[in-house]
There are 2 protein chains.
Amino acid sequence: MKPSRRPTAHDVAALAGVSQSAVSRAFTPGASISRRARLLVQQAAETLGYRPNLIARSLITRRSGTIGIAIGYMDNQFYPAMLDAMCAGFAAAGYRVLLFTPGPGGDPDPILDEVLRYQVEAVVLASARLTSHFAEQCSQARVPVVLFNRRTERATVSSITGRNREGAAEIARFLIDGGHLRFAYVAGLEDSSTSRDRERGFVDTLRQAGLTPATRVVGHYDFALAREAARTLFSAPSPPDAIFCANDHTAFAVMQTAQAEFGLRVGTDISVVGFDDVPLAAWPAFDLTTYAQPIRPMAERVVAATLAHLADPLCPPIQEQVDGSLIVRGSARLPPRRHS
Amino acid sequence: MKPSRRPTAHDVAALAGVSQSAVSRAFTPGASISRRARLLVQQAAETLGYRPNLIARSLITRRSGTIGIAIGYMDNQFYPAMLDAMCAGFAAAGYRVLLFTPGPGGDPDPILDEVLRYQVEAVVLASARLTSHFAEQCSQARVPVVLFNRRTERATVSSITGRNREGAAEIARFLIDGGHLRFAYVAGLEDSSTSRDRERGFVDTLRQAGLTPATRVVGHYDFALAREAARTLFSAPSPPDAIFCANDHTAFAVMQTAQAEFGLRVGTDISVVGFDDVPLAAWPAFDLTTYAQPIRPMAERVVAATLAHLADPLCPPIQEQVDGSLIVRGSARLPPRRHS
DNA sequence: CACGCATTTGCATACGAATGCAAGGGTCCG
DNA sequence: CGGACCCTTGCATTCGTATGCAAATGCGTG
């Protein structure tokens with residue numbers, strides 16, 4: 001009772017006294033097979049411990065049933081949470097997820113090759129580092145690409161993002177209403193569309209209000225570098241009193257540096273606002289005012305967009321912005337109450 | 001210039017004027033092929049945008065080159081970090097990673113079936129929920145299983161863990177030396193070997209020192225539930241002054257609840273210690289004393305153990321404990337200095 | 001009982017690449 | 001110049017499953 005190899009459909013067929021075709025059909029929902037035959041096959045499969053080989057199936061159906069997800073920034077809680085949600089979404093749709101984590105210094109190209117060789121049916125990109133060139137190659141190989149939380153200039157590839165401009169603008173208005181005067185923006189990566197869009201929304205709103213332009217530092221979406229940026233900010237002759245950060249992760253770095261190294265009380269002396277509303281933001285230690293990018297809906301949209309491309313290869317690029325909302329907590333001074 | 005299908009080795013062969021075998025050999029390092037032929041093939045492949053179909057290759061080599069990783073608890077920073085590291089490790093070894101995230105309420109069985117059908121060559125389990133039954137089935141299907149951060153009673157399946165008993169014992173001694181008197185343990189899940197081992201190490205050390213046994217509450221590795229547990233703890237008539245938590249994530253919940261809801265100063269009024277040393281633990285806001293489970297080395301050991309099983313199917317179960325070390329920060333009162 | 005129709009079944013082939021085998025080509029030596 | 005030997009090459013087969021097609025079966029009706 002110790003087969004040297006894994007049992008195949010042929011083995012099952014022999015035991016059940018049917019043909020290999022019957023075994024195949026027994027495992028294909030909706031295939032033409034009698035109840036009796038299906039039962040025979042199921043029993044034989046049970047005793048042999050047979051499981052259909054999805055590799056072989058993929059070869060013949062020309063569908064791997066696999067989605068590639070390239071994701072970086074695993075230290076920013078937003079991404080693991082999204083990964084989790086997307087994974088669940090794809091699983092529910094009958095797809096498996098092949099994970100690629102391009103290391104910080106890593107060259108994206110070998111990864112790209114891996115992804116495409118593996119016949120993934122689509123790729124979800126959630127890593128700023130390898131966006132444009134990567135997306136290019138994929139679409140050239142006829143593999144749909146969905147960018148998550150980033151976009152390219154050319155509207156040629158699908159993307160799901162939050163309302164970065166609008167969210168940042170809302171934050172700017174909130175801070176303006178709060179009576180702040182000296183604004184700062186802590187950028188993410190220079191070549192990140194997300195960081196740029198948020199900056200644009202923030203800066204434009206300040207300008208329209210006729211206020212002093214925001215100081216600008218760069219945190220590179222990295223905790224240590226964001227702390228460095230914060231030090232620059234607070235060491236300046238006239239430090240800011242309202243700091244908008246490219247994302248929550250950056251905001252955590254900034255607010256802790258303000259407290260620990262400059263003795264500033266966040267929410268009183270200065271206001272810090274983030275973007276994402278990761279679970280951490282709600283923790284008492286942070287109580288971060290931020291703009292929520294809802295994980296679940298965004299994951300759903302990513303999955304839906306991907307499936308749309310798979311259903312119709314000619315489907316034009318889908319570019320969606322998922323609604324968010326300002327989450328007011330204690331890290332930023334509140335505007336005075338208008339009524340009552 | 002718009003091929004309806006992806007180019008195959010045959011297409012490349014035709015263009016290069018060689019046989020399909022030659023194409024295959026051109027992409028197989030160390031295969032018997034002349035420099036000239038390899039170049040011809042490479043050029044043809046380039047112009048056609050050909051990439052070897054790994055699915056087809058897997059079928060014939062009987063090696064999918066894929067490792068399944070089932071991971072839960074993505075809200076605990078420890079797991080995303082490990083996932084990242086393991087992914088990199090497997091990628092470096094030429095393997096791809098198929099990710100499975102069993103939802104909290106999800107039934108593990110369908111996932112298991114998926115994993116095995118997909119011909120993963122091995123499975124890494126980092127989710128307490130589906131440990132024993134799952135591992136059983138996998139080894140029955142001759143798929144090596146490596147448990148990460150958990151183990152089973154029977155020594156039949158490989159596992160990589162930290163030194164839970166020893167680490168917890170060291171923490172106990174540290175807290176005893178710090179002059180604490182009323183100890184508490186915030187457990188993770190009841191059926192988690194990791195939580196049990198840590199509790200054992202902690203409790204045994206207290207007993208050996210002749211101290212009052214630790215109060216015990218259960219946080220289920222969940223932030224909200226851990227906060228609930230902390231409330232129970234601090235509302236007691238004689239609340240503890242030294243709290244050891246099953247992991248850092250739990251410790252964060254406990255220390256924030258202590259501060260925000262009970263006005264306790266962590267590190268002064270009470271001491272809180274965690275286990276894992278996730279990046280968050282070093283943040284100024286937490287400054288958590290904890291026992292480090294080093295991500296990189298652990299990931300390396302997981303990869304190494306997995307590869308060992310793949311290299312030799314008869315390889316006996318590998319059960320390793322990776323050394324850790326106590327990281328003293330500010331969340332727990334220090335023992336008095338002995339010397340100088 | 002014969003017939004038509006619907007359902008089930010097996011046969012044979014296909015998916016795309018890897019590989020054992022034998023044939024082809026080249027080199028080197030006697 | 002012949003032969004031994006090594007390096008290349010193509011042919012044919014193989015992996016495990018899905019599926020078109022035709023044969024076979026079952027069922028209901030006239």
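- Among the protein residues, A31(A) comes within range of no part of the nucleic acid, since none of its heavy atoms lies under 4.0 Å from any strand.
- In this structure a side-chain-to-backbone donor-acceptor pair under 3.5 Å is missing from R36(A) to S34(A).
- Per the geometry, CG belonging to D11(B) stands 13 Å off C1' belonging to dA17(C), to the nearest Å.
- At distances below 3.5 Å, at least one donor-acceptor pair connects side-chain atoms of S193(A) with backbone N or O atoms of R151(A).
- Atoms CZ (R63(B)) and P (dA17(C)) sit 18 Å apart, rounded to a whole Å.
- A donor-acceptor contact shorter than 3.5 Å links the side chain of S64(A) to the backbone of Q119(A).
- A pairwise comparison of heavy atoms in T8(B) and D11(B) identifies N-OD2, 2.8 Å as the closest pair.
- A distance-only check finds a donor-acceptor pair linking the side chain of S158(A) to the backbone of I318(A) [under 3.5 Å].
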Open item on the list: Walk along nucleotides 14-22 of chain D from 5' to 3' and tag each nucleotide B, S or - by protein heavy-atom contact under 4.0 Å, base first, then sugar-phosphate.
Closed with: BBBBBBB--
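- Computed from C1' positions of five pairs at each end, the angle between the two local axes of the helix from dC1(C)-dG30(D) to dG30(C)-dC1(D) equals 50°, rounded to 10 degrees.
- Atom CG in L40(B) sits roughly 10 Å away from atom P in dG10(D) (whole-Å rounding).
- The distance from atom CD1 of I33(A) to atom C1' of dA24(D) is 16 Å, rounded to the nearest whole Å.
- Spacing between atom CG of L39(B) and atom C1' of dT9(D) amounts to 17 Å, rounded to whole angstrom units.
- Note on residues 61-84 of chain A: pairs passing salt bridge (Lys or Arg N to Asp or Glu O under 4.0 Å), not counting sequence neighbours, are R63(A)-E121(A).
- Relative ring orientation between Y118(A) and Y118(B) is described as tilted, the plane-to-plane angle lying within the 30° to 60° band.
- Counting non-hydrogen atoms under 4.0 angstrom, S32(B) reaches a base of the nucleic acid.
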- [ ] Just do the ring-ring contact (aromatic ring centres under 6.0 Å, His included) check on Y221(B) and Y79(B) with the steps written out, would you?
- [x] CA-CA 12 Å; Y221(B) 293 138; Y79(B) 288 99; 8.2 Å; no
